[in-house]
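Note sheet for the following structure.
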Amino acid sequence: YPTWKRTLLRRARDAHTKRFCRAQAIQRRLEEIEVTFRELEQQGIKLEKLLRDEDGTSPEQTQWMNQLLYLVQKKNSLMTEESDLMIAVQELKLEEQQLQLDQQLRSYLNMDESLKTPEDRAAEKEILQQLLDVVNKRNILIHIQEEKRLSEM
């Protein structure tokens, strides 16, 4: 391979490794969130039982209520983080799909026009259409993320 091809291959491999590491980190965080959800659920159940069993308004009951509200807030923040991570997973999948389609399209574009069969031209158009669809889906995800950020402000 010429130097520029080796450089492109190395960059593509590095980018793939980066995406893979990011996907693993996201997966680990999603698993941590799932465990935390279960823990919060158990704590919430205990607090609800304590609140139901207690009569009147005692200082303990107020404290339990505050703890329960804190658990709800924490659970909501984890749900928001989980939603963001799911969007990031979709974005990574679309990015990988876009790179694969881009490679396929490049192989057709590098072919000499006189050597292309009608099937090659049809496949090139199909890949181009798929590539546009993936780019549009990524654009939608970015738009969703931007709307979430604006609504949080």
Side-chain angles (χ1 to χ4, degrees), residues 1-51 64-113 115-153:
Y1 289 118
T3 304
W4 65 272
K5 278 192 177 182
R6 284 195 309 263
T7 302
L8 287 177
L9 288 172
R10 183 173 27 84
R11 285 183 184 169
R13 190 174 49 248
D14 291 347
H16 178 73
T17 303
K18 243 183 187 176
R19 283 190 307 278
F20 181 73
C21 289
R22 186 168 176 229
Q24 282 184 323
I26 289 171
Q27 185 62 38
R28 272 193 305 274
R29 184 60 187 142
L30 285 171
E31 290 169 1
E32 290 170 2
I33 288 173
E34 187 63 36
V35 169
T36 307
F37 271 152
R38 280 191 236 118
E39 291 171 358
L40 292 175
E41 189 69 31
Q42 292 302 316
Q43 291 174 5
I45 290 171
K46 288 177 185 175
L47 287 171
E48 284 182 28
K49 285 181 182 178
L50 288 172
L51 285 170
W64 295 333
M65 190 62 112
N66 288 337
Q67 287 176 351
L68 189 60
L69 290 174
Y70 172 76
L71 292 178
V72 169
Q73 288 174 339
K74 192 168 182 176
K75 186 174 179 182
N76 285 340
S77 69
L78 286 174
M79 287 177 68
T80 301
E81 184 182 356
E82 183 182 40
S83 172
D84 292 341
L85 290 173
M86 295 305 291
I87 290 173
V89 166
Q90 289 176 348
E91 195 172 343
L92 283 173
K93 285 180 184 178
L94 289 173
E95 186 177 336
E96 185 69 30
Q97 188 178 4
Q98 181 178 350
L99 289 172
Q100 289 173 357
L101 289 170
D102 192 42
Q103 288 175 347
Q104 291 174 1
L105 184 61
R106 284 179 195 271
S107 69
Y108 282 111
L109 292 176
N110 288 335
M111 290 176 75
D112 190 358
E113 280 296 321
L115 299 176
K116 286 184 184 177
T117 64
E119 292 82 18
D120 290 337
R121 287 185 180 89
E124 183 179 340
K125 281 186 176 182
E126 177 63 29
I127 290 171
L128 184 59
Q129 184 59 48
Q130 289 175 0
L131 188 59
L132 289 173
D133 290 342
V134 168
V135 169
N136 286 335
K137 288 176 184 176
R138 286 184 71 188
N139 189 32
I140 289 170
L141 285 178
I142 291 169
H143 183 70
I144 289 171
Q145 286 176 323
E146 191 62 30
E147 283 183 358
K148 283 181 75 172
R149 282 190 201 113
L150 289 175
S151 69
E152 288 173 2
M153 289 181 172

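For the atom pair Leu68 CG and Ile45 CD1, the distance stands at 11.0 Å (nearest 0.5 Å). Separating the CG atom in Asn66 from the CG atom in Leu71 is a distance of 11.0 Å, to the nearest 0.5 Å. Once rounded to the nearest 0.5 Å, the distance linking CG of Leu128 with NZ of Lys125 reads 9.5 Å. Within the model, atoms CG of Asn136 and CZ of Arg138 stand 11.5 Å from one another, a figure rounded to the nearest 0.5 Å. To the nearest 0.5 angstrom, Ile87 atom CD1 is 12.0 Å from Ile140 atom CD1. To the nearest 0.5 Å, atoms CZ (Arg29) and CG (Asp84) are separated by 11.5 Å.
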Quiz item: Would Leu30 and Ile26 count as a side-chain contact (heavy atoms from CB on, under 4.5 Å) if you check the C-alpha gap in whole Å, the side-chain angles of each, and the deciding distance to 0.1 Å?
Solution: CA-CA 6 Å; Leu30 285 171; Ile26 289 171; 4.0 Å; yes
Practice problem: Check the pair Gln98, Glu95 against side-chain contact (heavy atoms from CB on, under 4.5 Å), reporting the backbone distance first and the verdict last. | Solution: CA-CA 5 Å; Gln98 181 178 350; Glu95 186 177 336; 5.6 Å; no
Quiz item: Between Glu126 and Gln130, is a side chain to side chain donor-acceptor pair (under 3.5 Å) present by the stated rule, with each step listed?
Solution: CA-CA 6 Å; Glu126 177 63 29; Gln130 289 175 0; 3.2 Å; yes
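When all heavy atoms of Leu51 and Trp64 are compared, the closest pair comes out as CD2-CB, 3.9 Å.
Side-chain contact between Asn76 and Gln73 is absent, with no heavy atoms from C-beta onward closer than 4.5 Å. You'll find the side chain of Arg19 stays beyond 4.5 Å of the side chain of Arg22, heavy atoms only. Between Leu40 and Gln43 there is a side-chain heavy-atom pair separated by less than 4.5 Å. Using a 4.5 Å heavy-atom threshold, the side chains of Glu91 and Gln145 count as touching. With a 4.5 Å cut-off on side-chain heavy atoms, Glu34 and Arg38 count as touching. Using a 4.5 Å heavy-atom cutoff, the side chains of Leu78 and Glu81 are in contact.
A donor-acceptor contact shorter than 3.5 Å links the side chain of Thr17 to the backbone of Arg13. In this structure a side-chain-to-backbone donor-acceptor pair under 3.5 Å is missing from Asn139 to Val135. Side chain of Asp120 to backbone of Thr117: a donor-acceptor contact under 3.5 angstrom is found. With Lys137 contributing its side chain and Gln90 its backbone, the two residues share no donor-acceptor pair below 3.5 Å.
Around the CZ atom of Arg121, the shell of radius 6.0 Å holds more than 12 heavy atoms that belong to other residues, nucleotides or ligands. Sparse packing is recorded around NZ of Lys46, with 12 or fewer heavy atoms of other residues, nucleotides or ligands lying under 6.0 Å away. More than 12 heavy atoms of other residues, nucleotides or ligands shown are found within 6.0 angstrom of NZ on Lys116. At most 12 non-hydrogen atoms from other residues, nucleotides or ligands lie less than 6.0 angstrom from CE of Met65.
A salt bridge links Arg149 and Glu146; the closest N-O separation between the charged side-chain nitrogens and carboxylate oxygens is under 4.0 Å. Of the charged side-chain nitrogens involved, none lies within less than 4.0 Å of a carboxylate oxygen, so that Glu31 and Arg28 do not count as a salt-bridged pair.
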